[in-house]
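All of these numbers come straight from a predicted model, not from anything done at the bench. We're numbering straight along the sequence, starting at 1.
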Amino acid sequence: MRIAVATSDQINTDHFGRAKGFAIFQLEGNKPEYAEFLKTNINPGEKHQWQNNLSILGDCEVIIAAQAGMKAKYGIKKANLKFFEDEGTVEEVLENFIKHQKFMGNL
């Protein structure tokens with residue numbers, strides 16, 4: 001499973017539509033392996049750029065971000081991707097996601 005974590009500094013999670021990039025991880029079993037960092041092509045002065053960010057995440061199954069707007073959430077769902085909101089470091093939100101998936105019996 002490929003997981004994209006919205007982040008501008010590769011340390012902390014960020015808002016989906018404002019993130020300067022996504023840290024991409026491959027989850028095999030219980031352990032996430034860092035794969036790459038995908039830079040976004042957003043203009044910091046403009047609003048509602050979520051479609052630009054969504055377009056670079058075509059091979060991911062899960063998106064984790066601190067927040068996302070209503071239209072972005074709808075677009076993510078329509079693209080058949082799972083969205084999880086969580087705040088903290090990239091490492092913390094990945095750990096929280098994995099714990100939750102284990103608890104739900106999905107891992």
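Annotation: side-chain hydrogen bond (donor to acceptor under 3.5 Å, both in side chains) contacts involving residues 63-79, sequence neighbours excluded, comprise Lys73-Glu85. Residue pairs meeting the ring-ring contact (aromatic ring centres under 6.0 Å, His included) criterion with at least one partner in residues 88-107, sequence neighbours excluded, are Phe84-Phe97. Sequence neighbours left out, the pairs with a member in residues 22-33 that pass side-chain hydrogen bond (donor to acceptor under 3.5 Å, both in side chains) are Gln26-Glu28. Legend: side-chain hydrogen bond (donor to acceptor under 3.5 Å, both in side chains) pairs involving residues 51-63, not counting sequence neighbours, sorted by first then second residue: Arg2-Asp59. The stretch residues 89-107 participates, sequence neighbours left out, in these salt bridge (Lys or Arg N to Asp or Glu O under 4.0 Å) pairs: Glu95-Lys99. Applying the salt bridge (Lys or Arg N to Asp or Glu O under 4.0 Å) definition to pairs two or more places apart or across chains, none involves residues 10-19.
Its side chain within the 4.5 Å cluster rule, Leu38 clusters with Phe16, Phe22, Ile24, Trp50, Leu54, Ile56, Leu57, Ile63, Ile76, Leu81, Phe83 among the Ile, Leu, Val, Met, Phe, Trp and Tyr residues.
Residues that satisfy the side chain to side chain contact (heavy atoms under 4.5 Å, CB included) test with Asn106, not counting sequence neighbours, are Gln101, Met104. Residues passing the side chain to side chain contact (heavy atoms under 4.5 Å, CB included) test with Asp9, sequence neighbours excluded: Thr7, Ile11, Asn12. Take Tyr34 and apply the ring pair (Phe, Tyr, Trp, His ring centres under 6.0 Å) test, not counting sequence neighbours, and it matches Phe25.
Pairing each heavy atom of Thr40 with each of Ala19, the nearest pair is OG1-O, 2.8 Å. Taking both residues in full, the closest heavy atoms of Ala66 and Glu87 are given as CB-CG, 3.9 Å, listed atom of the first, atom of the second, then distance. Contact record, Ala4 with Cys60: CB-SG, 3.9 Å, taken as the closest heavy-atom pair. Residues Val93 and Gly88 share a closest heavy-atom pair of CG1-N, 4.1 Å.
Separation of atoms OG1 (Thr13) and CG (Asp86) is listed at 6.5 Å; rounding is to 0.5 Å.
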